[in-house]
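Some notes on the structure that comes next.
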Amino acid sequence: MLHGSELSYGYAGGREHRTFSLRDVTIDVPRRSLTGLLGPNGCGKTTLLRLLAGILTPQSGTVTLKGRPLSDLSRREIARHIAVVPQETHPAFDYTVMEMVLMGRHPHLGPFELEGPHDLRLAHDALAATGTDHLANRAYMTLSGGEKQRVVIASALTQASDVLLLDEPTASLDLGYQLDVASLLSQLNDERDVTMLLATHDLNLAASVCDRIVLMRDGHVIAQGPTTEVLTAARVREIYGVIADVRHHDRAGHLTVTPVSRVP
């Protein structure tokens with residue numbers, strides 16, 4: 001579905017004149033998969049998401065969607081297939097929830113074209129799928145953090161995209177909302193066959209919903225594959241420098257990660 005081959009991208013400068021580079025990264029996001037992208041702060045997760053979304057252009061390497069290079073596609077064409085859910089969304093105006101969700105239809109509309117009945121139907125379907133249809137007329141900025149995140153996901157669904165790229169979708173949410181968003185992602189992946197790449201610091205979120213894991217460190221992909229094979233105590237120690245218990249939790253029905261201590 002979505003493939004990055006030998007991607008490299010670098011930043012330079014800043015107050016401390018530090019450089020960062022993503023180097024020779026190859027990643028596969030198979031169709032209908034829910035893939036977790038894990039790694040410590042500054043390892044390159046967000047940069048990689050932006051490259052895969054076509055927001056950034058790799059300095060070397062290629063990104064392909066269904067076998068077609070993103071470089072051959074217009075921004076509008078890419079947006080019809082790939083939707084991005086950022087960590088936070090701060091609209092410039094006081095939009096309603098319905099207006100926020102209908103923004104997902106913009107890649108499908110012509111110049112000066114307004115949303116029609118089909119667009120409204122897709123928006124209502126997306127609101128229903130995310131459990132936010134009762135909020136349609138509310139001002140977006142009056143919502144709780146968990147409600148906002150659901151609405152942003154609804155907007156991404158309204159794009160009718162094949163792929164969702166999510167950057168820390170549960171950041172700053174309390175435990176209940178984290179569980180709600182995790183359940184929503186699993187449901188959308190299972191019932192709507194939405195392909196997802198989820199960048200997160202939450203190893204237990206990834207363990208609970210992802211069937212594949214990609215581990216990053218220092219601008220490199222260290223390992224990728226099925227969750228039960230990649231998310232191990234040895235890998236957590238290697239990537240994070242943390243001793244952790246990684247085991248299957250019978251009641252939860254998935255792997256859990258319990259940090260114990262820093263590696264001495």
Side-chain angles (χ1 to χ4, degrees), residues 2-30 33-63 82 84-88 163-173 178 182 185 196-244 246 255-264:
L2 186 62
H3 177 73
S5 178
E6 299 181 347
L7 300 174
S8 293
Y9 189 87
Y11 302 95
R15 287 183 298 178
E16 299 180 10
H17 303 290
R18 293 180 178 175
T19 61
F20 167 79
S21 61
L22 203 71
R23 298 180 296 277
D24 299 323
V25 167
T26 294
I27 180 173
D28 281 305
V29 184
S33 69
L34 207 172
T35 300
L37 183 60
L38 304 178
N41 287 331
C43 72
K45 298 189 298 296
T46 297
T47 298
L48 180 55
L49 283 184
R50 290 173 177 170
L51 289 169
L52 293 173
I55 297 169
L56 296 176
T57 301
Q59 292 162 351
S60 63
T62 57
V63 178
I82 300 175
V84 179
V85 177
Q87 291 186 34
E88 294 183 346
V163 182
L164 281 186
L165 304 180
L166 303 106
D167 194 1
E168 296 287 352
T170 59
S172 303
L173 300 185
Q178 289 178 29
L185 296 180
M196 300 184 195
L197 179 62
L198 163 67
T200 181
H201 287 296
D202 189 339
L203 273 63
N204 282 300
L205 170 67
S208 68
V209 302
C210 296
D211 49 65
R212 298 183 75 257
I213 295 291
V214 177
L215 290 176
M216 293 190 69
R217 186 184 66 189
D218 299 328
H220 293 281
V221 168
I222 304 301
Q224 59 184 309
T227 299
T228 53
E229 296 178 12
V230 173
L231 191 56
T232 65
R235 289 294 190 187
V236 172
R237 183 184 181 115
E238 176 186 3
I239 299 296
Y240 295 96
V242 169
I243 297 170
V246 181
L255 288 179
T256 57
V257 181
T258 305
V260 177
S261 65
R262 282 277 193 180
V263 173

Using side-chain heavy atoms (C-beta onward) and a distance below 4.5 Å, is Asp28 in contact with Leu2?
no

At their closest point, which heavy atom of Val246 faces which heavy atom of Thr232, and how far apart are they?
CG2-C, 3.9 Å

Walk me through whether Leu215 and Val230 qualify under side chain to side chain contact (heavy atoms under 4.5 Å, CB included).
CA-CA 8 Å; Leu215 290 176; Val230 173; 3.6 Å; yes

So, do Val63 and His3 sit near enough that their side-chain heavy atoms are less than 4.5 Å apart?
no

Quick one: OG1 on Thr258 to CG on Asn204, what's the gap to the nearest 0.5 Å?
6.5 Å

Taking all heavy atoms of Leu7 and all of Gly61, pick out the closest pair and write down the distance.
CD2-C, 3.9 Å

Passing candidate, side chain to side chain contact (heavy atoms under 4.5 Å, CB included) with Leu38, options Ile222, Leu203, Ile239:
Leu203

Start with the C-alpha gap between Leu52 and Ile27, add the side-chain angles, then the distance that decides, and say whether side chain to side chain contact (heavy atoms under 4.5 Å, CB included) holds.
CA-CA 10 Å; Leu52 293 173; Ile27 180 173; 4.1 Å; yes

Applying side chain to side chain contact (heavy atoms under 4.5 Å, CB included) between Arg50 and each of Leu56, Asp167, Leu165, Thr57, report the one that passes.
Leu56

State whether the number of non-hydrogen atoms from other residues, nucleotides or ligands found under 6.0 Å of Glu6 atom CD is greater than 12.
no

Do Val242 and Ser261 come within less than 4.5 Å of each other through their side chains, counting heavy atoms only?
no

What residues, two or more places apart in sequence or in another chain, satisfy ring pair (Phe, Tyr, Trp, His ring centres under 6.0 Å) together with Tyr9?
Tyr11

Are the side chains of Asp202 and Glu168 in touch, meaning some heavy atoms are under 4.5 Å apart?
no

Below 4.5 Å, heavy atoms only, C-beta onward: do Leu198 and Leu37 meet side chain to side chain?
no

Least distance between heavy atoms, Val257 atom then Ala244 atom:
CG1-CB, 4.1 Å

CD (Gln178) and OG (Ser208) are apart, to the nearest 0.5 Å, by 10.0 Å

Starting at CD of Gln59, measure out to OG of Ser21 and round the result to the nearest 0.5 Å.
9.0 Å

Taking all non-hydrogen atoms of both residues into account, name the closest pair between Val84 and Ala53 and its distance.
CG2-CB, 3.6 Å

Pairs where residues 212-231 contributes a residue and the test salt bridge (Lys or Arg N to Asp or Glu O under 4.0 Å) is met, not counting sequence neighbours
none

Mind listing the closest non-hydrogen atom pair of Pro40 and His201 along with its distance?
C-CE1, 4.0 Å

CD1 of Ile213 to OG1 of Thr227: how many Å apart, nearest 0.5 Å?
4.0 Å

Nearest atoms (heavy-atom pairs only) where Leu185 meets Met196
O-CE, 3.3 Å

Does a side-chain heavy-atom distance below 4.5 Å link Leu48 with Val25?
yes

Passes side chain to side chain contact (heavy atoms under 4.5 Å, CB included), Met216 versus Leu22? Steps please.
CA-CA 10 Å; Met216 293 190 69; Leu22 203 71; 3.5 Å; yes

Is there side-chain contact between Ile243 and Val263, with heavy atoms separated by less than 4.5 Å?
yes

Which residues pass the side-chain hydrogen bond (donor to acceptor under 3.5 Å, both in side chains) test with Thr35, not counting sequence neighbours?
Ser33

Does Thr26 reach the side chain of Val221, with side-chain heavy atoms less than 4.5 Å apart?
no

